[in-house]
Colleague: 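Sharing a structure below in structure tokens format, with a few things to ask.
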Amino acid sequence: MHQLFRLVLGQKDLSRAGDLFSLDDSEIEDSLTEALEQIKIISSSSDYQTNNNDQAVVEICITRITTAIRETESIEKHAKALVGLWDSCLEHNLRPSGKDEDTPHAKIASDIMSCILQNYNRPPVMALAIPIAVKFLHRGTKELCRNMSNYLSLAAISKADLLADHTEVIVKSILQGMVQRLSLRTCFRSHLKVFSQSIYDLWKVRPRVLEAR
């Protein structure tokens, strides 16, 4: 791992975190997977949700990492570590206690979501990401669910078969109002052979699904 990442993440040194942006993307690209793994360790610590310093360090590092991934077009190389960090957010509270403020792990999930899912046209990345993405439909905030549904629409258009195993979860989310109906309707219509049976089965039980809301 690059020595500056090692310093910032190892010592959780907020005063040096901004210096990461002075480095060329190519200079730190080889360090991104290891840095993501270190962030996962930090964000999984018992005091992370109350430690403002650690949260700020993580936020800055994630911004730097996702920027470098985009600029170097290295998403496939670092997708496993990025999705691993994203998945770890589901182990923590994502629902805010107040009206507007996101929890620390909801912020991480939101910050890395677009970096992952904007690569909806890359099947190797989506194969890793979609099983995690659908989990957020029931665990995430309304904003996360809304953004997730938009990306899943694009993923379905590009590679519908990757969503086939998750159709039941997605359609239940639509029926429960967790996902925007219109954003996914075109995908289901375009790939009727893949989705029709699950939609039909869920349509038959929709009164029970709706009563459970």
Colleague: Between D87 and K40, is there a side-chain N and carboxylate O pair less than 4.0 Å apart?
Modeller: no

Colleague: Working to the nearest 0.5 angstrom, can you tell me the gap between I65 CD1 and F5 CZ?
Modeller: 4.5 Å

Colleague: Any link between F21 and I69 through a network of hydrophobic side chains (Ile, Leu, Val, Met, Phe, Trp, Tyr) touching at under 4.5 Å?
Modeller: yes

Colleague: Is there a donor-acceptor pair under 3.5 Å between the side chain of S110 and the backbone N or O of K107?
Modeller: no

Colleague: If every non-hydrogen atom of L117 is compared with every non-hydrogen atom of A129, which pair is closest and at what distance?
Modeller: CD2-CB, 4.0 Å

Colleague: So I60 and L14, do their side chains get closer than 4.5 Å, heavy atoms only?
Modeller: yes

Colleague: Test side-chain contact (heavy atoms from CB on, under 4.5 Å) on I112 and L36 and set out the steps.
Modeller: CA-CA 11 Å; I112 65 180; L36 287 164; 5.7 Å; no

Colleague: Please confirm whether the backbone N or O of N93 pairs with a side-chain atom of T103, one donor and one acceptor, at under 3.5 Å?
Modeller: yes

Colleague: Can you confirm whether E29 sits close enough to E71 that some side-chain heavy atom of one is under 4.5 Å from a side-chain heavy atom of the other?
Modeller: no

Colleague: Quick test of your reading: applying salt bridge (charged side-chain N to carboxylate O under 4.0 Å, His left out), list the pairs with at least one residue in residues 45-67, sequence neighbours left out, ordered by first then second residue.
Modeller: K12-D54, D25-R64

Colleague: What pairs with E27 under side-chain hydrogen bond (donor to acceptor under 3.5 Å, both in side chains), at least two apart in sequence or on another chain?
Modeller: H2

Colleague: Check step by step if side-chain contact (heavy atoms from CB on, under 4.5 Å) holds for W86 and L82.
Modeller: CA-CA 6 Å; W86 199 36; L82 196 60; over 6 Å; no

Colleague: Under the criterion side-chain hydrogen bond (donor to acceptor under 3.5 Å, both in side chains), which of T33, D30, T72 is the partner of K77?
Modeller: D30

Colleague: What heavy-atom pair brings S74 and A68 nearest, and what distance separates the two atoms?
Modeller: OG-O, 4.4 Å

Colleague: Is the closest side-chain heavy-atom distance between Q118 and R70 below 4.5 Å?
Modeller: yes

Colleague: Nearest heavy-atom pair of I132 and L128: which atoms, and what distance?
Modeller: CG1-O, 3.8 Å

Colleague: How close do C61 and I39 get, heavy atom to heavy atom, and via which atoms?
Modeller: CB-CD1, 3.8 Å

Colleague: Say whether, by atom type as modelled, one donor and one acceptor occur between the side chain of E76 and the main chain of V125 under 3.5 angstrom.
Modeller: no

Colleague: With rounding to the nearest 0.5 Å, note down the distance linking CE in M1 to CD1 in I28.
Modeller: 11.5 Å

Colleague: First locate atom CG of L9, then atom CD1 of I42, and finally report the distance between them rounded to the nearest 0.5 Å.
Modeller: 5.0 Å

Colleague: Residues in ring-ring contact (aromatic ring centres under 6.0 Å, His included) with H92, at least two apart?
Modeller: H105

Colleague: Just how far is it from atom CG of L20 to atom CG of L4, taken to the nearest 0.5 Å?
Modeller: 4.5 Å

Colleague: Got a second to check how far S22's OG is from R16's CZ, nearest 0.5 Å?
Modeller: 8.5 Å

Colleague: What closest approach, in Å, do C89 and A109 show between heavy atoms, and which atom pair accounts for it?
Modeller: SG-N, 3.9 Å

Colleague: Atom CD1 in I116, atom CE in M126: separation rounded to 0.5 Å?
Modeller: 7.5 Å

Colleague: Begin from the C-alpha positions of L85 and I62 and carry the test side-chain contact (heavy atoms from CB on, under 4.5 Å) through to its verdict.
Modeller: CA-CA 10 Å; L85 174 59; I62 287 177; 4.2 Å; yes

